[in-house]
Amino acid sequence: MEIIKSLCIFFLAGLCKIGGGYLVWLWLKEEKPLWYGILGSIILAMYGVVATWQTASFGRVYAAYGGVFIVMALVWAWKVDGFKPDRYDIIGALIALFGVCLILYMPRK
């Protein structure tokens, strides 16, 4: 059950980081209204809070977030921006997820 809870927190944090960053990107790069940037900044701040809900240590959690965000960013780009990941994107994402599992979920002394 702890692993499922952890994965849900990773997913929520990923949505906050990628979604918030995307809104700031749209504001600055695509000349969207200022409220995009403000809302994106608030959502990015929520990411900082959501990440603290993990039970592992700070360094381990943040290292693992890198792998999760690789996968989520590719899915976001595919579904939101119309970017189609190629096989190397997918292989790299799977390697990153494998690394996340090693970092967070392997038994330790």
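Position 1 is the first residue of the sequence, and the numbers go up from there. Every heavy atom of this structure was used, including side-chain atoms; hydrogens, water molecules and symmetry mates were not. This is a predicted model, so every value here is computed, not measured.
Trp78 is linked by a side chain to side chain contact (heavy atoms under 4.5 Å, CB included) to Pro85, counting only residues two or more places apart in sequence or in another chain. Under the side chain to side chain contact (heavy atoms under 4.5 Å, CB included) criterion, Ile38 pairs with Leu34, Ile42, sequence neighbours left out. Judged as a ring pair (Phe, Tyr, Trp, His ring centres under 6.0 Å), and not counting sequence neighbours, the contacts of Tyr22 are Trp76. Under the side chain to side chain contact (heavy atoms under 4.5 Å, CB included) criterion, Ala93 pairs with Ile70, Val71, Leu74, sequence neighbours left out. Remark: Val61 pairs with Gln54, Ala56, Tyr65 by the side chain to side chain contact (heavy atoms under 4.5 Å, CB included) rule, at least two apart or across chains.
Of the possible polar contacts, none joining the Ser6 side chain to the Glu2 backbone as a donor-acceptor pair under 3.5 Å is found.
Rounding to the nearest 0.5 Å places CG of Leu44 at 9.5 Å from OH of Tyr47. Here the straight-line distance linking atom CG of Leu12 with atom CG of Leu15 works out to 6.5 Å at 0.5 Å rounding. How far CD1 of Ile95 is from CD1 of Ile90: 12.5 Å, rounded to the nearest 0.5 Å. Within the model, atoms CD1 of Ile18 and CD1 of Ile43 stand 12.5 Å from one another, a figure rounded to the nearest 0.5 Å. The distance from atom CH2 of Trp27 to atom CH2 of Trp35, rounded to the nearest 0.5 Å, is 13.5 Å.
Residues Gly67 and Ala96 share a closest heavy-atom pair of CA-CB, 3.9 Å. Residues Ala63 and Ile103 come closest through the heavy atom pair CB-CD1, 4.2 Å. Nearest heavy atoms, Gly37 versus Val24: O-CG2, 3.9 Å. The shortest heavy-atom contact between Tyr62 and Ala51 is OH-CB, 3.6 Å.
Pairs of residues two or more places apart, or lying in two chains, never qualify as ring pair (Phe, Tyr, Trp, His ring centres under 6.0 Å) while including a residue from residues 85-109.
Counted within 6.0 Å of CZ on Phe83, heavy atoms from surrounding residues, nucleotides or ligands total more than 12; the atom is thus considered enclosed.
One hydrophobic cluster holds both Leu28 and Leu26 under the rule that ILVMFWY side chains link at heavy-atom gaps under 4.5 Å. When hydrophobic clusters are built by joining Ile, Leu, Val, Met, Phe, Trp and Tyr residues whose side-chain heavy atoms come closer than 4.5 Å, directly or via intermediates, Leu97 is not grouped with Ile4. Cluster membership for Met72 and Ile3, using ILVMFWY side-chain heavy atoms within less than 4.5 angstrom, is shared. Residues Val100 and Phe11 share a single hydrophobic cluster, defined by chaining ILVMFWY side chains whose heavy atoms lie under 4.5 Å apart. Under a hydrophobic-cluster definition in which Ile, Leu, Val, Met, Phe, Trp and Tyr are linked whenever side-chain heavy atoms come within less than 4.5 Å, directly or via other members, Val68 and Met106 are assigned to different clusters.
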